[in-house]
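Structure first, commentary second.
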Amino acid sequence: MWFAELFNLVGWLAIAFSKNAWWLDIGRLSTGFGIGLLSYVKSRLRISEEHLQLLIRDYSVPCTARGPFFVPESPRWLAKVDKWEASEASLLRLRGKKADIFEEAAEIRDYTRSLEQLKESGLMDLFQRKYAHSLIVGVGLMVLQQFGGVNAIAYYANAIFSSAGFSDKVGTTSMVIVQVPLTVLGTLLMHKSGRRPLLLVSVAGTFLGCLTIALSFLLQDLKLWDSSPFLAFVGVLVIIRSTSQKLKGGTQSTTE
């Protein structure tokens with residue numbers, strides 16, 4: 001996480017003090033590496049995903065003052081390197097000092113010992129027939145998330161609002177404000193409803209958001225409704241909300 005934050009810090013400074021497009025490109029590339037690394041850490045460190053989701057989403061907090069100070073080491077990693085007491089201490093920090101961690105600690109211990117008995121695996125072992133379904137689902141979810149349109153909406157939201165006749169300042173500010181609360185809400189829903197229902201609902205929400213934006217421009221062209229720009233605003237927020245939950249559910253599903 002510290003290594004990833006170095007990329008984010010460099011990218012953040014490059015964008016903040018850029019004088020031309022090249023520095024913007026360098027900053028965006030650097031933050032892309034950083035966010036990519038953090039996304040991988042999030043998928044591996046599942047028990048701390050609430051901290052990491054906020055870490056990845058909240059760009060308003062300086063990079064070096066974020067997650068690494070607050071997210072403990074993974075209990076599974078500590079167990080893997082034979083630090084059993086530290087593993088249990090990390091579990092207590094995550095679950096609460098009064099939580100009963102006996103069963104979870106025993107499960108981690110058994111899992112770690114079973115891994116030690118397995119033979120060393122290579123990359124090509126993933127392509128065995130018995131892993132085909134899991135590999136297709138895992139990679140497919142990650143690829144399809146990028147085809148959901150969130151990048152186009154997020155990066156061109158300002159142009160979408162302006163083209164639709166809605167205030168781009170109000171629209172983009174609203175997008176930023178809703179990010180963190182929606183991430184927290186998605187975390188709570190994921191633990192209560194499971195990842196698959198959350199993924200299905202968020203896909204439906206993404207579809208409805210795109211449909212609402214398209215309807216806004218259609219009504220504007222036909223001049224059938226004076227308030228049609230507001231539909232574009234609603235559609236963008238629906239997509240942002242739905243996609244944030246889809247990324248959470250989809251990415252976490254690939255690790256299960």
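Index from 1, following the sequence.
In this structure, CE on M175 lies 8.0 Å from CD1 on I153, to the nearest 0.5 angstrom. For the atom pair CD1 of I108 and CZ of R113, the computed distance is 12.5 Å after rounding to the nearest 0.5 Å. Between I15 atom CD1 and D25 atom CG the span is 9.5 Å, to the nearest 0.5 Å. Atoms NZ and OH, from K80 and Y111 in turn, are 9.0 Å apart once rounded to the nearest 0.5 Å. Atoms CZ and CD1, from R93 and I101 in turn, are 14.0 Å apart once rounded to the nearest 0.5 Å. L237 contributes atom CG, which lies 9.5 Å from atom CD1 of I213 (distance to the nearest 0.5 angstrom).
Residue Q128 places its CD atom among more than 12 non-hydrogen atoms of other residues, nucleotides or ligands, all under 6.0 Å distant. For F217, the CZ atom sits in a packed shell: over 12 heavy atoms of surrounding residues, nucleotides or ligands are nearer than 6.0 Å.
What you find for L231 and S216 is that their closest heavy atoms are CB-CB, 3.6 Å. Across all their heavy atoms, L24 and S18 have their closest contact at CD2-OG, 3.2 Å. Here the closest non-hydrogen pair linking G165 and Q220 is N-NE2, 4.5 Å. Looking at every heavy atom in both residues, V10 comes nearest to S30 through CB-OG, 3.8 Å. Contact detail for T172 and F161: the closest heavy-atom pair is N-CE1, 3.6 Å. Here the closest non-hydrogen pair linking N8 and G34 is OD1-CA, 3.4 Å.
Ring geometry for F230 against F233 counts as tilted: the plane angle lies between 30° and 60°, on a 0 to 90° scale.
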Chi angles and distances behind the side chain to side chain contact (heavy atoms under 4.5 Å, CB included) call for C210, I239: CA-CA 7 Å; C210 290; I239 290 176; 3.6 Å; yes
Intermediate values then yes/no, side chain to side chain contact (heavy atoms under 4.5 Å, CB included), R28 and Y155: CA-CA 12 Å; R28 182 63 185 89; Y155 297 150; 2.2 Å; yes
From CA spacing to verdict: side chain to side chain contact (heavy atoms under 4.5 Å, CB included), W84, T112: CA-CA 11 Å; W84 300 102; T112 302; 4.2 Å; yes
Check the pair F7 / T31 against side chain to side chain contact (heavy atoms under 4.5 Å, CB included), numbers first and verdict last. CA-CA 6 Å; F7 285 101; T31 54; over 6 Å; no
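Note on L222: it clusters hydrophobically with L215, by side-chain heavy-atom contacts below 4.5 Å among ILVMFWY residues. Note on L9 and F17: same hydrophobic cluster, where clusters join Ile, Leu, Val, Met, Phe, Trp and Tyr whose side-chain heavy atoms are under 4.5 Å apart, directly or indirectly. Cluster annotation: L211 and V238 are assigned to distinct hydrophobic clusters (Ile/Leu/Val/Met/Phe/Trp/Tyr, side-chain heavy-atom contacts under 4.5 Å, transitive).
Here E88 pairs with R109 in a salt bridge; the nearest charged N to carboxylate O distance falls below 4.0 Å.
The backbone N or O of A159 lies less than 3.5 Å from no partner atom in the side chain of S162, so there is not a single donor-acceptor pair. Side-chain atoms of S87 come within 3.5 Å of backbone N or O of P75 as a donor-acceptor pair.
Side-chain contact check for W12 versus E5: every heavy-atom pair is 4.5 Å or farther apart. The shortest side-chain heavy-atom distance between F207 and V203 does not fall under the 4.5 Å cut-off. Contact check for S114 versus D110: no side-chain heavy atoms found under the 4.5 Å cut-off. The shortest side-chain heavy-atom distance between L224 and L218 does not fall under the 4.5 Å cut-off.
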